[in-house]
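Input: a single structure, listed below in structure tokens.
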Amino acid sequence: MKILVIGKNGQLGRSIQKFISNYDLHEFTLAGREELDLSSSKSISKYFDTHSQFDVIINCAAYTAVDRAEEEADLADQVNHLAVKQLAKFANSQKAKFIHISTDYVFDGQNESPYLESDNPNPINVYGKSKLLGERAILKVMNNNAVIIRTSWVYSEFGKNFVKTMLQLGSEKNEINVVSDQTGSPTYASDLAEAILNIISNDNFKKTIFSTEIFHFSNSGETAWSSFANEIFKLANLNCKVTPIKSEQYPVAAKRPKNSTLNKTKIIKIFRINLTPWRVSLERCLKNLSKIN
Ligand SMILES: NC(=O)c1ccc[n+]([C@@H]2O[C@H](COP(=O)([O-])OP(=O)(O)OC[C@H]3O[C@@H](n4cnc5c(N)ncnc54)[C@H](OP(=O)(O)O)[C@@H]3O)[C@@H](O)[C@H]2O)c1
């Protein structure tokens with residue numbers, strides 16, 4: 001299969017690249033902002049007009065600056081919604097299957113239990129709203145052959161993320177304040193990358209036609225940011241005390257959901273995806289970052 005990966009320089013895009021040599025039956029094309037700029041509908045059209053058809057399009061790119069999005073709503077809407085609609089239209093016209101990544105931030109966080117795919121979204125920030133509109137555009141344009149995967153709290157060896165920030169802070173400070181009233185499930189981007197590549201090989205995805213569906217994916221288990229930070233320090237042997245604080249004590253531009261844990265039963269059942277406990281994956285990432293042996 002000819003597979004296009006959009007967003008090659010992001011955490012997920014780079015994580016997918018770690019594994020593609022294991023899938024040499026497929027031909028991968030990788031596109032970054034330089035080749036395919038999602039802020040420009042002309043750039044998107046030009047890209048598809050000048051490349052041969054793909055069998056699968058994986059969109060790992062997004063406007064992910066959650067706080068900045070509050071000031072840049074138009075750009076977030078273009079990249080996370082309008083560009084996604086355009087990609088879905090190209091996928092449709094090429095008869096390509098489409099895999100798109102969305103977010104736990106489509107929910108308001110008021111649920112007591114992990115969110116199901118069928119739960120009502122109600123985003124509480126601009127980023128979440130733009131991602132929800134992206135999901136809805138795909139559902140409208142592609143009745144069939146798209147897979148939308150909502151994920152949460154993504155970290156990796158690459159780019160900027162909570163784990164790398166904590167490793168930095170933990171090596172500089174003896175004590176830090178971390179929010180303790182937001183619960184979620186961390187996702188090691190490598191695990192999501194492997195899940196996506198497994199989905200592509202799954203018989204339910206290889207069918208000529210399947211109905212477009214939303215799935216949830218993260219590592220298993222849940223935690224709060226403060227406990228996540230504690231575990232990072234423990235595993236990396238950093239002597240930094242975590243003081244739990246309330247969200248109100250850490251003012252940021254965009255509101256965050258209090259509970260953004262996702263129920264993953266559907267992706268396990270339909271695509272036979274195995275989930276790794278978040279602590280196990282965190283340890284693997286720290287090993288890959290050479291922070292532990
Ligand atoms: N990070 C999280 O905690 C999290 C949580 C839930 C869901 N997600 C979703 O998971 C997916 C992957 O996230 P990630 O953590 O891998 O994100 P990331 O590391 O921030 O990477 C996003 C990528 O999108 C690219 N991009 C941004 N604007 C673009 C544009 N106008 N044209 C082309 N490319 C553009 C960026 O390009 P440059 O490298 O050139 O800037 C970057 O490579 C996204 O859909 C995100 O919404 C992420």
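Read the numbers this way: they start at 1 and go in the same order the structure lists the ligands and their atoms.
Ring geometry for Tyr188 versus Tyr155: interplanar angle under 30°, hence parallel rather than tilted (30 to 60°). Ring pair Phe48/Phe90 is parallel by interplanar angle, where below 30° counts as parallel and above 60° as perpendicular. Between Trp225 and Phe162, the ring planes are tilted. Angles from 30° to 60° get that label. Classification of the His100-Phe98 ring pair by plane angle, with boundaries at 30° and 60°, yields tilted. Using a 30° and 60° split on the angle between ring planes, Phe210 and Phe205 fall in the tilted class, from 30° to 60°.
In this structure, ligand 1 sits under 4.0 Å from heavy atoms belonging to Asn9, Gly10, Gln11, Leu12, Arg33, Leu36, Asp37, Leu38, Ser39, Cys60, Ala61, Ala62, Thr64, Val79, Ile101, Ser102, Thr103, Asp104, Tyr127, Lys131, Thr151, Ser152, Trp153, Val154.
In this structure, the side chain of Glu70 engages the main chain of Val126 through a donor-acceptor pair within 3.5 Å.
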